[in-house]
Amino acid sequence: MKGGWNWIWKGSSIALLAYVILRGFSTPLQPGLVSATPSQLTLEEHTLTLLAVGQPFARENAQASDFELVLRSGDQLLATVLTDVQPHAATAKVRIPSTLPSRALDAFLFTPDAGTLFLGNACFVEDAAKGDIPTEFRAQAPAEAAPKLGFSFPYQPNIMESIRNLLWHVPMWFAMFFIMGLGFVASLAQLRTDSVKWDLRAEAAVRTGVIFGLLGLTTGSLWARWTWGAWWVSDPQLNGALVTVLLYSGYLILRAALGEDDRVGRLAAVYNVFAFVMLVILLMVLPRYTESLHPGKDGNPGFNSYDLDNSLRAVFYPAVIGWGALCYWMYTLRLRMNRIAYSLLSR
Amino acid sequence: MAATQHTLRTAATIARMEWRLEWRQGHQLAAVGLFAVASVYVAFQASDQRTSASAWTAMLWLVHLFSGFTAIGRLFDRERSQVRRYLQWTAAPLGLMLGKLFHAVITTTALTGIVLGAFVLFLGWPVGIESPGKPGLLILGAWLGGLSMTTTLVFVSAVASQVRGGSGALGAVLGLPLLIPQLILATRLSRGALGDEPWTMLVEYPLFLGALGAGTATIACILFPYIWRE
């Protein structure tokens with residue numbers, strides 16, 4: 001059957017992306033604590049309210065006695081009395097002793113079904129003296145119950161629901177690297193053989209790569225707005241990404257400027273080789289040596305190993321393959337256009 | 001061995017020829033100097049009388065960048081004409097590139113001196129505006145930053161000069177994005193040199209700038225024969 005393999009991999013890439021979109025948007029987020037009010041405490045009794053996002057950590061009408069809230073100061077635990085538990089909120093009474101090992105309090109909410117929820121630096125006690133927590137205020141660490149959450153994405157502070165963007169932003173950059181690498185190889189072959197067929201490949205690869213670079217920038221900018229609070233920040237990884245996209249736009253401008261010149265293939269290949277070396281320096285080398293907000297500086301440029309748990313992996317790896325295959329598909333379409341245009345023009 | 005000697009001799013000849021031509025057609029050298037000094041004067045007029053350290057570095061690098069464009073952007077202009085035919089027959093491509101690079105390094109060193117001198121004359125010596133800085137590191141940074149921009153610009157203007165009927169604008173369009181990393185490193189180094197940090201905190205910036213400059217020069221040398229071949 002002619003072209004059978006083509007149908008298989010193209011169909012699989014669509015199926016994978018459909019799976020990624022459905023699974024990525026329908027999977028619930030694990031519960032996580034986002035805030036504690038009031039966050040500034042004084043040396044008296046307080047009613048502390050903790051708010052959570054994601055899946056509910058408690059059923060409607062849950063018994064507060066099944067849950068336990070403990071505050072940690074330094075390495076000592078402070079007891080609280082839970083009064084009310086809602087699906088996304090917990091209220092507790094807490095008395096603050098006059099001496100604490102640390103003024104910052106971390107909160108641990110022990111739940112029967114959703115595991116232990118943690119909120120670092122939940123509240124601050126302004127006027128506590130430094131010292132041990134008196135014994136009558138102390139708490140014992142309760143037994144931790146294994147979470148029964150089903151298939152769900154991990155909760156990360158700040159990132160929260162936007163963790164789904166991992167399935168778009170990161171694979172798009174991977175696809176861009178992949179297709180630019182292909183273009184680099186094609187350009188090297190062009191310089192070696194001086195044959196137009198490699199030039200057509202390089203052009204198709206860069207044009208597809210620029211699209212994926214722009215998509216990566218857009219999804220990254222959206223993510224930055226949510227997690228860092230600005231559409232764009234000056235950060236080595238972001239600077240590198242922007243410069244890379246500008247650089248490859250320069251490739252397309254150079255081609256356009258050369259027009260019908262018969263040396264267009266060779267000059268474009270020279271520029272493309274230079275651009276790919278700069279891409280490696282800008283996105284793989286420089287961000288590792290300077291401070292960056294962007295995750296994954298050490299090791300993989302896309303993510304840290306602790307960002308990925310098994311549920312995310314089950315969708316992330318299909319996303320990488322799916323976007324990569326789509327990118328390659330777009331490249332083959334462009335290549336066919338280039339070949340037809342070339343054969344028409346050189347007839 | 002003979003090939004290497006030929007290459008080196010070409011490099012020396014090209015560098016010497018470039019210098020002689022620059023001196024004979026003095027107006028081009030003067031034009032770059034005039035551009036630099038006039039830009040600094042504009043910066044001086046635009047900046048009020050009190051310049052902060054960060055404004056000083058921002059203006060320094062803007063002026064340095066565009067002076068670099070005017071100085072290096074026309075490096076291969078002569079090769080647009082029949083001179084190109086002649087050099088293609090007589091000169092080794094690598095030697096030609098090395099000669100041009102050497103010439104560009106000398107030009108950039110002189111340009112750094114002119115720009116820094118004009119800045120000190122009009123906008124004052126920045127060390128001591130906000131804190132006792134590190135003048136040696138500032139000068140080293142200006143020079144190294146200029147050099148690492150220059151090697152990239154040499155490559156870009158070599159490519160851009162191949163476009164028939166093209167203008168200097170293409171070199172600027174292709175060159176500016178390529179220079180952003182160098183500029184980021186250089187401005188950080190200059191700001192650090194005017195600030196309080198100890199120089200041990202900043203030592204990676206000159207190293208990076210030097211490595212970027214050397215790296216781009218090497219790639220330019222490797223790729224130039226492909227540009228040059230007809």
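Chain naming here is simple, since letters A, B, ... match the order of the sequence lines and numbering starts at 1 in each.
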For this session: Please say whether more than 12 non-hydrogen atoms of neighbouring residues, nucleotides or ligands are located less than 6.0 Å from CE in B/Met201.
Result: no
Exercise. Looking at B/Val159, B/Ile219, B/Thr152, which makes the most heavy-atom pairs under 4.5 Å with chain A?
Worked result: B/Ile219
Problem set entry | Contact leader toward chain B among A/Leu242, A/Val277, A/Asp261, where contacts are heavy-atom pairs under 4.5 Å | A/Asp261
Problem set entry | A/Tyr271 to B/Phe155 - nearest heavy-atom pair and separation | CA-CZ, 4.5 Å
For this session: Check B/Pro177 against A/Val243 and note the closest heavy-atom contact, atom names and distance.
Result: O-CG1, 3.2 Å
For this session: Could you go through the side chain to side chain contact (heavy atoms under 4.5 Å, CB included) check for B/Val173 and A/Leu254 one step at a time?
Result: CA-CA 9 Å; B/Val173 168; A/Leu254 177 68; over 6 Å; no
For this session: Can you see which heavy atom on B/Leu178 is nearest to which on A/Met278, and at what distance?
Result: CD2-CG, 3.9 Å
Exercise. Do B/Ile222 and A/Val273 come within less than 4.5 Å of each other through their side chains, counting heavy atoms only?
Worked result: no
Problem set entry | Atom group of A/Leu191 that falls short of 4.5 Å from chain B, counting heavy atoms | both
Seminar exercise, completed: In terms of heavy-atom contacts, B/Val163 and A/Ala257 come closest through CG1-O, 3.5 Å
For this session: I would like to know whether A/Leu246 and B/Ile180 meet side chain to side chain contact (heavy atoms under 4.5 Å, CB included); could you show each step before the answer?
Result: CA-CA 10 Å; A/Leu246 291 178; B/Ile180 294 174; 4.1 Å; yes
Problem set entry | Straight-line distance of A/Arg192 CZ to B/Tyr226 OH, nearest 0.5 Å | 6.5 Å
Problem set entry | Over 12 foreign heavy atoms within 6.0 Å of CD, B/Gln82 | no
For this session: Heavy atoms only: give me the nearest A/Leu258-B/Gln162 pair and the separation to one decimal.
Result: CD2-O, 4.4 Å
Exercise. Would you say B/Trp143 has more than 12 foreign heavy atoms packed within less than 6.0 Å of its CH2?
Worked result: no
Exercise. Atom CG of A/Leu282 and atom CG of B/Leu212: how far apart are they, to the nearest 0.5 Å?
Worked result: 8.0 Å
For this session: Can you establish whether the number of heavy atoms outside A/Trp226 located under 6.0 Å from its atom CH2 is more than 12?
Result: no
Exercise. Is it the backbone or the side chain of B/Ile184 that comes under 4.5 Å from a heavy atom of chain A, or both, or neither?
Worked result: side chain
Exercise. Of the backbone (N, CA, C, O) and the side chain (C-beta and beyond), which part of B/Phe224 lies under 4.5 Å from a heavy atom of chain A, both, or neither?
Worked result: neither
For this session: Inspect the surroundings of OH in A/Tyr328 and state if more than 12 heavy atoms from other residues, nucleotides or ligands are less than 6.0 Å away.
Result: no
Problem set entry | Side chains of B/Val156 and A/Phe274 in contact at under 4.5 Å (non-hydrogen atoms) | no
Seminar exercise, completed: Applying a strict 4.5 Å limit to non-hydrogen atoms, the region of A/Val270 in contact with chain B is both
